[in-house]
Amino acid sequence: MARIIPLPDQESESALSDRTAPYDIFSQNAKVTLGYSQPALNAYRQWYPLYEEIEKNIGSRKAYLFGFAICSTIGCSLCTAFFRKLIIEGGEDPEKLRLDGVEKLLFDFGSSIARYQGNIADHVYNQAADVFSKKDLVLLAAFAGQVIAANIFNNIVETDVDEGLSPYLPPVSSIWKMQTV
């Protein structure tokens with residue numbers, strides 16, 4: 001159960017009145033909880049422009065795999081469910097992902113950022129730097145920071161998983177299996 005109960009409907013409509021279409025994909029429970037503080041809500045919304053730019057530069061699948069790698073490493077059920085939904089809606093099984101070399105590199109990069117709080121080994125960074133432009137690396141690093149912040153927020157306040165994301169929660173006994181193609 002959430003440590004901070006989301007705003008009641010009347011207050012949440014007022015707090016979220018400036019939302020735009022891209023923000024509607026984020027967890028409603030997280031948005032309504034963040035609605036207690038407009039500056040906090042605005043800060044967390046900043047991951048959307050970063051995500052959209054990453055999608056444009058490296059592709060949708062790579063973008064959501066990167067987000068999934070970060071969230072599944074941190075262990076935020078709500079955020080992991082969000083990216084699992086994108087993977088499943090893309091026609092894949094999150095427990096049996098088939099990754100090409102660049103996707104595996106990107107997945108490892110995101111996992112390492114999350115696991116080591118950004119203090120990643122030179123060889124991990126250098127592999128990413130060999131594939132992605134400086135602009136893409138800046139976008140990926142900034143997005144990783146925003147995603148990590150969202151994971152931490154949701155874990156701290158124990159944001160309830162939205163009903164619409166519940167079917168996408170990872171199985172409790174999941175063993176993450178990936179195959180490189």
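- Distance check, rounded to the nearest 0.5 Å: OG of S72 to CG of N151 gives 9.5 Å.
- Side-chain contact between N154 and T33 is absent, with no heavy-atom pair separated by less than 4.5 Å.
- No chain of hydrophobic side-chain contacts below 4.5 Å, direct or via other Ile, Leu, Val, Met, Phe, Trp or Tyr residues, connects V157 to I5.
- For the atom pair L65 CG and F109 CZ, the distance stands at 15.0 Å (nearest 0.5 Å).
- The minimum heavy-atom distance between P170 and T80, with the atom names listed, is CG-CG2, 4.0 Å.
- Counted by atom type alone, N42 and Q46 present zero donor-acceptor pairs between their side chains at under 3.5 Å.
- For E163, the CD atom sits in a loose shell: 12 or fewer heavy atoms of surrounding residues, nucleotides or ligands are nearer than 6.0 Å.
- Residues Y116 and I152 do not share a hydrophobic cluster, defined by chaining ILVMFWY side chains whose heavy atoms lie under 4.5 Å apart.
- Considering every non-hydrogen atom in both F66 and G110, the closest pair reads CE1-CA, 3.4 Å.
- One distance of note links CG of L41 with NZ of K31; it measures 8.5 Å at 0.5 Å rounding.
- In this structure, the side chain of D100 engages the main chain of E103 through a donor-acceptor pair within 3.5 Å.
- Hydrophobic clustering (side-chain heavy atoms under 4.5 Å, transitive across Ile, Leu, Val, Met, Phe, Trp, Tyr) groups F107 together with V131.
- Nearest heavy atom pair, residue A30 against residue T159, reads N-CG2, 3.6 Å.
- Ring-plane geometry between W47 and F82 is classed as perpendicular, the angle between the planes exceeding 60 degrees on a 0 to 90 degree scale with a lower cut at 30.
- Not a single donor-acceptor pair under 3.5 Å links the side chain of Q38 to the backbone N or O of Y36.
- Considering only heavy atoms from C-beta on, V161 stays 4.5 Å or farther from Y168 through its side chain.
- Smallest separation of non-hydrogen atoms from K62 and L106: O-CD2, 3.4 Å.
- Checked by atom type and distance alone, the side chain of S166 pairs as donor or acceptor with a backbone atom of D162 at under 3.5 Å.
- Atoms OG and CG, from S112 and N119 in turn, are 11.5 Å apart once rounded to the nearest 0.5 Å.
- Of all non-hydrogen atoms in Y64 and F83, the two that sit nearest each other are O-CD2, 3.6 Å.
- For the pair L34 and F153, the minimum side-chain heavy-atom distance is below 4.5 Å.
- By the rule that hydrophobic residues join a cluster once side-chain heavy atoms approach within less than 4.5 Å of another member, V32 and I4 end up as members of one cluster.
- From L165, atom CG reaches atom OG of S77 across 11.0 Å, with rounding to the nearest 0.5 Å.
- In this structure, the separation between CG on L140 and CD on E53 is 11.0 Å, given to the nearest 0.5 Å.
- For E92, the salt bridge (charged side-chain N to carboxylate O under 4.0 Å, His left out) test picks out R61, with sequence neighbours left out.
- Residues D160 and L78 approach most closely at O-CD1, 3.4 Å, considering heavy atoms.
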**Q.** N155/I74 under side chain to side chain contact (heavy atoms under 4.5 Å, CB included): CA gap, chis, key distance, verdict
**A.** CA-CA 10 Å; N155 283 345; I74 289 176; 4.0 Å; yes
